[in-house]
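What's counted below: heavy atoms across the whole structure, side chains too, no hydrogens, waters or symmetry copies. Chain letters run A, B, ... following the sequence lines, proteins first, then strands; residues in each count from 1.
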Amino acid sequence: MPVHNPEIAETFNKYADLLEIDGANQFRVRAYRTAGRTILDLSQNLYDMVKEGKDLSELPGIGKDLANKIIEMVRTGRLSQMEELKKTVPIELLDMMDIADLGPKRIARLHQELGISTIKELEASAREKKIRELPGYGEKIEQAILDDITRKGKARGSKERLKLSAVESATESLLSYLRKIKGVKKVTAAGSYRRRMETVGDVDILVTHTGDSDVMERFVKYEDVDRIIAKGETKSTVVLRFGLQVDLRAVSGESYGAALHYFTGSKAHNIAIRQMGVKKNLKINEYGVFKGKKRIAGKTEEEVYEQVGLPYIEPELREQRGEIEAAREGRLPRLIEIRKIRGDLHSHTNNTEGRNSIEEMAEAAQKKGYEYLAITDHSKRLSMTHGLDEKRLEEQIEEIDRLNRKLKDFTLLKGIEVDILEDGSLDLNNSVLKKLDLLVCSVHHKFNLSQKKQTERIIRAIESSPVFTILGHPTGRIIGEREPYDVNMEQLMKVARDRNCALELNAQPERLDLNDIYCKMAKDMGVMIVISTDAHSTAGLDLMRFGIYQARRGWLESNNVLNSRNGKELQELLKK
DNA sequence: GCCGTTTTCGGCCCGACTGTTTTCAGTCG
């Protein structure tokens with residue numbers, strides 16, 4: 001079984017943690033983490049790259065040494081150096097890294113002085129009040145450790161990242177609460193929330209205010225606050241009732257842009273920008289851009305970028321995935337905006353598992369200003385959704401034709417979300433499929449085929465489809481619940497490009513499939529993307545914004561997105 | 001361990017808050 005990129009990245013990260021506890025050089029530790037990051041951002045499989053003999057040391061942050069370690073992991077599935085280190089630094093110590101206030105230094109001390117290796121032993125020592133005896137420790141840290149162990153015992157995985165959609169409403173309510181406080185001027189959510197990442201670990205909020213406002217006081221007294229982790233003049237941290245951590249930072253108007261840039265991240269992007277600053281003899285922090293002691297910029301983000309010779313970079317691009325080089329060379333993308341979307345190409349009705357009728361869906365889409373909506377109910381294999389067989393699909397086609405004669409300036413497209421069976425054939429006969437405008441072809445079962453079989457299965461479906469084809473949620477992943485199935489995406493995209501098949505970016509917040517990295521890959525390879533809501537009700541059509549966020553993170557411009565075309569252009573493309 | 005628009009050796013991003021201290025280490029982002 002080939003090793004996957006995330007496993008290699010994970011091994012590097014674990015090794016970095018162990019090294020840190022072992023007291024290794026911090027820059028060596030950082031090198032492993034940087035490499036882990038690079039690997040996670042890779043669109044290509046390291047396994048394939050090694051097989052093809054590609055030079056891994058050309059990847060950023062990966063030199064000769066780490067390249068060889070990757071090759072070892074691909075070939076043997078393990079890292080011998082890791083096994084060595086584990087002999088002196090027990091791997092169980094890493095579990096303690098999740099405990100609040102415990103980091104590598106304190107864990108090393110607990111291990112050396114008290115012989116603690118597991119969370120169980122840690123808890124016992126804390127209860128026996130042994131930890132407070134150690135130099136640098138005290139009662140409060142001991143208690144904080146105990147509290148955190150108890151809390152985590154109750155709610156395992158409470159530190160998990162939450163889906164963007166899940167934090168959106170809580171964050172927006174908090175923002176409007178803060179905006180109403182007297183003396184508060186600007187309030188902005190920064191961090192991964194502003195970069196529109198599919199999941200958010202915590203929310204960073206930035207405020208500017210007149211010096212005499214009591215914004216920090218009011219923040220920690222917000223009704224949804226469960227506990228306060230820190231409270232200071234310029235920075236406070238709380239945890240809200242459903243587990244979301246929120247940081248609030250207060251800065252002066254002079255520093256607003258620098259702070260916004262700083263707290264928006266990503267960390268990797270910020271580091272790269274600050275390094276560019278260092279080369280120009282500038283110090284960049286959250287208060288501004290400084291030449292010696294003199295602040296020369298910081299009021300807006302544009303000013304900060306200008307100082308390092310770059311144009312403004314959109315938050316969604318700030319991931320250190322080539323955006324700085326693109327900015328320098330004047331080839332930043334003009335990211336797609338939601339107002340460019342002219343229709344939705346994946347929706348369900350109450351003929352299968354949807355809630356609303358075709359007519360209601362059409363009305364809702366029209367109300368959004370769309371020119372078209374594709375009705376794509378499930379096919380018969382998905383019996384639990386009461387999927388359509390050939391006869392019922394024929395009836396639906398007739399119903400849509402009838403409705404289209406009534407509709408003005410709006411077209412219902414006839415489609416189906418047809419199951420791709422295990423052998424790559426489609427779930428319905430071609431005789432009825434060819435009467436449709438388009439197919440959304442999706443995999444809904446047999447997720448665990450080998451990469452080769454899964455890829456061949458999907459390619460066969462694309463090649464045998466009698467009309468325009470969209471590959472629905474192309475990796476099948478459900479965020480936090482189901483891993484993507486194993487496909488050779490490069491091969492798939494090549495076929496899609498050559499056969500004029502589009503790949504879907506499914507806007508359901510738990511799917512967002514394709515992910516950002518694959519969106520960029522599709523763009524680079526010239527594959528058309530469709531952003532679809534997969535709506536199961538009229539309200540579901542509103543999920544489009546999540547698809548747009550992901551598309552922007554994937555560098556997509558409106559000309560990369562099929563449903564930014566108007567009705568006429570689309571109809572012509574579908575006929576090809 | 002990586003990397004080079006001052007460099008193949010000597011650098012490697014920056015600051016707030018807390019707890020334990022009496023000037024700072026550790027954690028966190």
Side-chain angles (χ1 to χ4, degrees), chain A residues 12 15-17 19-21 23-38 56-70 81 96-110 131-145 148 159 190-193 200-206 216 220 228-238 245-251 255 258-259 261-290 304 308-309 320 328:
Chain A
F12 277 163
Y15 191 69
D17 287 346
L19 275 178
E20 211 174 12
I21 294 173
N25 177 305
Q26 54 165 318
F27 299 109
R28 191 168 160 233
V29 174
R30 188 186 295 171
Y32 280 94
R33 297 219 170 102
T34 308
R37 190 40 234 242
T38 298
L56 302 179
S57 67
E58 278 176 13
L59 297 170
I62 293 176
K64 269 222 149 56
D65 186 89
L66 292 183
N68 282 330
K69 291 196 167 76
I70 292 171
Q81 216 177 324
M96 284 193 241
M97 293 285 276
D98 289 338
I99 308 268
D101 295 334
L102 285 192
K105 298 276 165 52
R106 285 183 181 148
I107 292 172
R109 172 151 261 169
L110 289 168
I131 290 174
R132 63 178 69 177
E133 308 292 328
L134 293 177
Y137 285 82
E139 261 183 68
K140 287 207 171 169
I141 291 180
E142 189 178 73
Q143 194 55 47
I145 291 172
D148 207 50
K159 254 186 96 182
S192 52
Y193 186 81
V200 173
D202 56 28
V203 174
D204 301 284
I205 299 176
L206 200 63
M216 283 295 161
V220 299
I228 303 166
I229 292 185
K231 178 172 170 287
E233 288 272 303
T234 62
K235 177 192 167 181
S236 296
T237 302
V238 301
Q245 181 172 316
V246 184
D247 290 349
L248 184 70
R249 317 268 185 153
V251 297
S255 298
H261 180 259
Y262 183 86
F263 293 118
T264 296
S266 66
K267 200 169 170 177
H269 174 87
N270 285 354
I271 288 173
I273 295 293
R274 288 198 292 268
Q275 279 168 340
M276 291 179 75
V278 169
K279 282 188 187 138
K280 291 178 183 284
N281 243 329
L282 301 171
K283 187 173 76 168
I284 302 175
N285 58 27
E286 60 261 57
Y287 299 107
V289 180
F290 295 86
V304 176
V308 293
Q320 182 63 341
R328 195 186 289 138

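At the heavy-atom level, A/Ala100 lies under 4.0 Å from the strands shown only through sugar-phosphate atoms. Contacts of A/Arg249 with the nucleic acid, taken as non-hydrogen atoms under 4.0 Å apart, are absent. Within the 4.0 angstrom heavy-atom criterion, no nucleotide atom of any strand lies near A/Gln26. Note on A/Pro104: only backbone sugar-phosphate atoms sit closer than 4.0 angstrom, heavy atoms only; bases stay farther off. Among the atoms of the strands shown, only primed sugar atoms or phosphate atoms (P, OP1, OP2) are found under 4.0 Å from some heavy atom of A/Lys69.
Both A/Gly232 and A/Phe263 lie close to DNA chain B; mapped to their nearest nucleotides by heavy-atom distance, the more 5′-ward contact belongs to A/Gly232. Residue whose closest nucleotide on DNA chain B sits further toward the 5' end, between A/Asn285 and A/Ile141: A/Asn285.
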- Item | Per-nucleotide protein contact string for nucleotides 3-9 of chain B (B base, S sugar-phosphate only, - none; heavy atom under 4.0 Å) | S------
- Task: Applying salt bridge (charged side-chain N to carboxylate O under 4.0 Å, His left out), run through A/Glu20 and A/Arg33 and close with a yes or a no.
- Result: CA-CA 11 Å; A/Glu20 211 174 12; A/Arg33 297 219 170 102; 2.8 Å; yes
- Should A/Phe12 and A/Ile70 be marked as a side-chain contact (heavy atoms from CB on, under 4.5 Å) after you check the CA-CA gap, both sets of side-chain angles, and the distance that decides it? CA-CA 9 Å; A/Phe12 277 163; A/Ile70 292 171; 3.8 Å; yes
- Query: side-chain contact (heavy atoms from CB on, under 4.5 Å) between A/Leu102 and A/Asp148: does it pass, once the steps are laid out?
  - Reply: CA-CA 10 Å; A/Leu102 285 192; A/Asp148 207 50; over 6 Å; no
- Message: Please evaluate residues A/Leu110 and A/Leu134 with respect to the criterion side-chain contact (heavy atoms from CB on, under 4.5 Å), reporting the C-alpha separation (whole Å), side-chain torsions for both, the decisive distance (0.1 Å), and the verdict.
- Response: CA-CA 8 Å; A/Leu110 289 168; A/Leu134 293 177; 3.8 Å; yes
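In this structure, A/Tyr15 atom OH and B/dG1 atom P are separated by 7 Å, rounded to whole Å.
Within the 4.0 Å cut-off from OP1 or OP2 of B/dC17, at least one side-chain nitrogen or oxygen of A/Thr234 is found. A/Tyr137 has no side-chain polar atom (N or O) that falls below the 4.0 Å cut-off from OP1 or OP2 of B/dT27.
When distances run from any side-chain atom of A/Asp204 to the nucleotides B/dG19, B/dC17, B/dG29, the shortest one goes to B/dG29. The side chain of A/Arg106 sits closest to B/dG26 out of B/dG26, B/dA16, B/dG1. When distances are taken from the side chain of A/Lys105 to each of B/dT27, B/dG15, B/dG19, the shortest belongs to B/dT27. For A/Gln245, taking side-chain heavy atoms from C-beta onward, the closest of the listed nucleotides B/dA16, B/dG29, B/dG26 is B/dG29. Among the nucleotides B/dG15, B/dG1, B/dG29, the one closest to any side-chain atom of A/Arg28 is B/dG1. Minimum atom distance to the side chain of A/Gln275 is reached by B/dC12, of the listed B/dG15, B/dG1, B/dC12. Side-chain proximity of A/Lys283 to B/dC17, B/dG1, B/dC14: nearest is B/dC14. Comparing atom distances between the A/Leu66 side chain and each of B/dC12, B/dG29, B/dC2 picks out B/dC2 as nearest.
With hydrogens and angles ignored, a donor-acceptor pair closer than 3.5 Å exists between the side chain of A/Tyr262 and the base of B/dG29.
Rounding to the nearest 0.5 angstrom, the gap separating the CG atom in A/Asp17 from the CD1 atom in A/Ile107 is 8.5 Å. Rounding to the nearest 0.5 Å gives a distance of 13.0 Å between NE2 of A/His261 and CG of A/Leu206.
Against the 90° criterion about 0, the sugar-base torsion of B/dT20 places it in the anti range.
Closest approach of A/Tyr137 and A/Ile141 over heavy atoms only: CD2-CG2, 3.8 Å.
When the P atom is compared between B/dA16 and B/dG10, the two are found 32 Å apart, to the nearest whole Å. The gap from the C1' atom of B/dC2 to that of B/dT7 amounts to 13 Å, rounded to the nearest Å.
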